[in-house]
Chemist: 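There's a structure below that I have some questions on.
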Amino acid sequence: MGLTLSQKILAAHAGKDYVEPGELINCKVDLALANDITAPVAIQEFNKIGVDRVFDPDRVVLVPDHFVPNKDIKSAEQAKMLRDFSRRYGLTNRFDVGTMGIEHCLLPEQGLVGPGDVVIGADSHTCTYGALGAFSTGVGSTDLAAAMATGEVWFKVPAASKFTYYGKRRPWVSGKDLILYTIGKIGVDGALYQSMEFGGEAISSLSMDSRFTMANMAIEAGAKNGIFPVDEITLQYIKGRLKRDYRIFTADPDAEYVAEYEFNLDEIEPQVAFPHLPSNTKGISEAAGLTIDQVVIGSCTNGRLEDLRVAAQILQGRQVHPEIRLIVFPGTQQIYLDALREGIIETLISAGAAVSTPTCGPCLGGHMGILAKGERALSTTNRNFVGRMGHPESEVYLCSPAIAAASAVLGRIGSPAELGLKEVD
Amino acid sequence: MTITGRVWKFGDNIDTDAIIPARYLNSADPANLAAHCMEDADPTFPSKVRPGDIIVAGRNFGCGSSREHAPLALKAAGVACVIAPSFARIFYRNAINIGLPILEAPEAAAAISEGETITVDLATGQITSPNAPEPFRAKPFPPFMQELMDAGGLIAYTRKKVNRHA
């Protein structure tokens, strides 16, 4: 019987020709990642194992991004643990304030993850790298600690579901809309424990940034990973970035899927996920009109250049509504610099946006844009759970950068079409 | 090992932000985590939960973030066991790794009510409720996970493994 993309990568990393769904395997990892929330717990556990080195200093990366620049003394202590560990164990790839970024924007950009890799990260959105054709998944701090010591992790081989997209994208529809629509259809546990394998003609023409956005939110459907086939767009992206060899795997034509879904893009309009689940989606035509207090554009989901570019296109020559606070978080220092050189940052600031250094801060209600009781945010981030961005009685609505930027001008949820804008490719 | 405890009931998709909000993750101190455990789902929980209490929840318990602080918070708050029809996968791994007993038991999760005192036999997966004529059965753990738990968790297991190779 044929193998899915994830089965093939896992088999190769477990030293096997064949693995079947449900099988427990021990796998070699190409990269192990943690951040300033999860690394401190991982370091504590690592210290109990009794080894004097990490398995490979090139392949352990600790990125301070959640509460950094340090938001308070406790956060500073946590980030210091991570910095001390990186120094002590001679980690090769070190990033900090001034050179860092949101981990899932940063690692692909820096060429640290590539096609065919097995990557684990103590962050649930580690599934982002599936956009590059890697098997990539989130784990907890203890799993990460064991992998830092041994370079290995155990997995239950996931069954897979196939998601095929066809048809022509409607105006202002991005990868974010496709993944929100998909989660809306299958639910927040619609792919529980599974691999989500994305494909179809509409995916072939989808930009790398939009693919990262889609793979990023596989976890919001409960999936173990999300994965894309490697094509010219992938190869173009990794060219000149990826610092080591890679392997391209393809799913067998007779691979077995537990479910197969097909989506016609002709029927998908820009999406908004209502509180308090990412699956609670509506089309923009149904969502338009709700007043909001804050708009956030950024995060590991939508903090890439394409995202900032579309926001600037909409905000060019316009002003953020006086009742709205618009906060923009470029995903990495490089994205920030590229956006600056393109004039995007000037456009955003002229329109009345606050532009921040890269941080996960507001997405998880950490810092840099917390909501008060009763406030409502429209955000390009990935979760709208109760209390996610602040007070338990605040609300978060999820959408694409285009909808976020247009709504910031309108002062309520709405679309760029309402501003008389046409999408340019 | 047998646990007898009072039941707290929660619904479907209890996420890790509900279990321990990110605003408290600037510290992994167990006492700090316990003080805010489940507060966005039920503000009275941290002050009313007693050691040995049992959470019985709906499906996809622990969805969202990979934060190990979630099972750590429940354990530190004294929660002896979580019973649900299904768990989010990262939470499932984390709970096993840190030694928080969890049981997948759809029938038990549906039938058991808030405030009941139930008994859970972790070795057999048998769940006994005074309001149910027959005990419920949880899905057994795969042998490898049982081995991990018997070894005292992933870190103890890894310690043995690296020392064997040394």
Side-chain angles (χ1 to χ4, degrees), chain A residues 22 24 37-38 40-42 44-46 48-51 66-67 71-78 121-126 137-143 145-146 149-150 152 154 156 158 187-189 192-193 219-220 222-224 276-277 279 363-366 370 383 385-388 390 392, chain B residues 12-19 21-29 32 39-41 43 58-61 63-72 85-99 142-145 147-148 153-163 165-166:
Chain A
L24 288 158
I37 288 179
T38 58
V41 178
Q44 276 175 27
E45 296 306 307
F46 178 88
K48 293 177 192 165
I49 297 172
V51 287
H66 278 63
F67 295 155
K71 78 170 179 121
D72 54 25
I73 294 170
K74 284 181 177 175
S75 308
E77 299 291 348
Q78 293 202 137
D123 188 279
S124 61
H125 293 109
T126 302
T137 190
V139 296
S141 296
T142 299
D143 273 318
T150 63
E152 292 178 0
W154 68 268
K156 188 162 86 175
V188 290
D189 60 356
L192 192 62
Y193 299 109
I219 178 73
E220 312 314 334
K224 185 167 205 156
H276 290 287
L277 287 175
S279 57
C363 169
L364 74 164
I370 306 301
R383 292 192 176 129
F385 300 150
V386 171
R388 175 71 180 178
Chain B
D12 292 341
N13 303 312
I14 292 295
D15 60 77
T16 52
D17 282 280
I19 300 169
R23 57 186 177 272
Y24 304 117
L25 299 186
N26 56 0
S27 162
D29 171 36
N32 163 63
E39 75 173 28
D40 284 2
R59 63 190 224 193
N60 200 26
F61 186 88
C63 63
S65 147
S66 68
R67 63 189 70 154
E68 205 160 286
H69 309 66
L72 284 171
S86 63
F87 291 88
R89 61 160 286 274
I90 307 178
F91 182 91
Y92 184 93
R93 288 181 78 110
N94 287 347
I96 290 171
N97 285 342
I98 68 142
F144 171 72
M145 276 176 230
E147 196 188 322
L148 262 188
L154 182 67
I155 292 300
Y157 178 86
T158 306
R159 198 187 304 132
K160 270 185 217 156
K161 192 160 105 175
V162 297
N163 289 336
H165 290 244

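Any value given below was found using the heavy atoms of this structure, including those in side chains, with hydrogens, waters and symmetry copies removed. Below, read A as the first sequence line, B as the second, and so on, with proteins coming before strands; counting in each chain starts at 1.
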Chemist: Output the option from B:Met145, B:Arg59, B:Arg67 having the highest count of non-hydrogen pairs under 4.5 Å with chain A.
Modeler: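 When all of B:Met145, B:Arg59, B:Arg67 are compared, B:Arg59 has the most.
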Chemist: Side chain, backbone, both or neither: which part of A:Val386 has a heavy atom under 4.5 Å from chain B?
Modeler: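 It is both, since atoms from each part get that close.
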Chemist: Quick check on A:Leu364 against chain B: is it the side chain, the backbone, both or neither that has a heavy atom closer than 4.5 Å?
Modeler: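 Contact with chain B is through both the backbone and side chain of A:Leu364.
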Chemist: Drop me the distance from B:Ser66's OG to A:Asp143's CG, to the nearest 0.5 angstrom.
Modeler: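 Reported to 0.5 Å precision, the distance equals 10.0 Å.
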Chemist: Between OG of A:Ser141 and CG of B:Asn94, what distance do you get to the nearest 0.5 Å?
Modeler: 7.0 Å
Chemist: Highest number of heavy-atom pairs under 4.5 Å with chain A: which of B:Leu148, B:Ile98, B:Asp40?
Modeler: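 It is B:Asp40.
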Chemist: Please state whether the side chain, the backbone, both or neither of B:Ala28 comes within less than 4.5 Å of a heavy atom of chain A.
Modeler: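 Both backbone and side chain of B:Ala28 come within 4.5 Å of chain A.
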Chemist: Is it the backbone or the side chain of A:Ile370 that comes under 4.5 Å from a heavy atom of chain B, or both, or neither?
Modeler: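 Looking at A:Ile370, nothing touches chain B.
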Chemist: Mind checking whether B:Glu39 and A:Pro392 have side chains closer than 4.5 Å, heavy atoms only?
Modeler: no
Chemist: From A:Glu220 CD over to B:Asp15 CG, what is the distance, rounded to the nearest 0.5 angstrom?
Modeler: 10.0 Å
Chemist: For A:Ile219, is it the side chain, the backbone, both, or neither that has a heavy atom closer than 4.5 Å to a heavy atom of chain B?
Modeler: side chain
Chemist: To the nearest 0.5 Å, what is the distance between CD (A:Glu152) and NZ (B:Lys161)?
Modeler: 4.5 Å
Chemist: I'd like to know if the side chain of B:Arg159 reaches the main chain of A:Lys48, judged simply by a donor and an acceptor atom lying under 3.5 Å from each other, with no hydrogens or angles considered.
Modeler: yes
Chemist: If we define contacts as heavy-atom pairs under 4.5 Å, which of A:Gly365, A:Ala223, A:Ala146 has the most with chain B?
Modeler: A:Ala146
Chemist: Please classify the contact between A:Val51 and chain B as side chain, backbone, both or neither, with a heavy-atom cut-off of under 4.5 Å.
Modeler: side chain
Chemist: Please look at A:Ile49 and chain B and tell me whether the side chain, the backbone, both or neither of the residue comes under 4.5 angstrom of a heavy atom of that chain.
Modeler: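 Contact with chain B is through both the backbone and side chain of A:Ile49.
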Chemist: Can you tell me which of B:Ala88, B:Gly64, B:Ala18, B:Pro71 forms the most heavy-atom pairs within a distance under 4.5 Å of chain A?
Modeler: B:Gly64
Chemist: So which atom in B:Asp17 and which in A:Phe385 form the shortest heavy-atom distance, rounded to 0.1 Å?
Modeler: OD2-CD1, 3.5 Å
Chemist: Counting N and O atoms only, with roles assigned by atom type, does the side chain of B:Arg93 sit under 3.5 Å from a partner on the main chain of A:Thr142, one being a donor and the other an acceptor?
Modeler: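 No.
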Chemist: Rounded to the nearest 0.5 Å, how far apart are CG of A:Leu277 and CG of B:Asn13?
Modeler: 5.5 Å
Chemist: At a heavy-atom separation under 4.5 Å, does A:Thr150 approach chain B through its side chain, its backbone, both, or neither?
Modeler: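 Side chain only.
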Chemist: Of the backbone (N, CA, C, O) and the side chain (C-beta and beyond), which part of B:Phe87 lies under 4.5 Å from a heavy atom of chain A, both, or neither?
Modeler: both
Chemist: Pick one of side chain, backbone, both or neither for B:Pro43, based on which atoms fall under 4.5 Å of a heavy atom in chain A.
Modeler: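 Looking at B:Pro43, nothing touches chain A.
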Chemist: Please round to the nearest 0.5 Å and tell me the distance separating atom CG of B:Asp29 and atom NZ of A:Lys74.
Modeler: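 Going from CG on B:Asp29 over to NZ on A:Lys74, the span is 7.5 Å.
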Chemist: Specify the closest pair of heavy atoms between A:Gly140 and B:Ile90, including all atoms of both residues, with the distance to one decimal.
Modeler: N-CG2, 3.9 Å
Chemist: Short question: side chain of A:Gln78, backbone of B:Leu25 - any donor-acceptor pair under 3.5 Å?
Modeler: yes
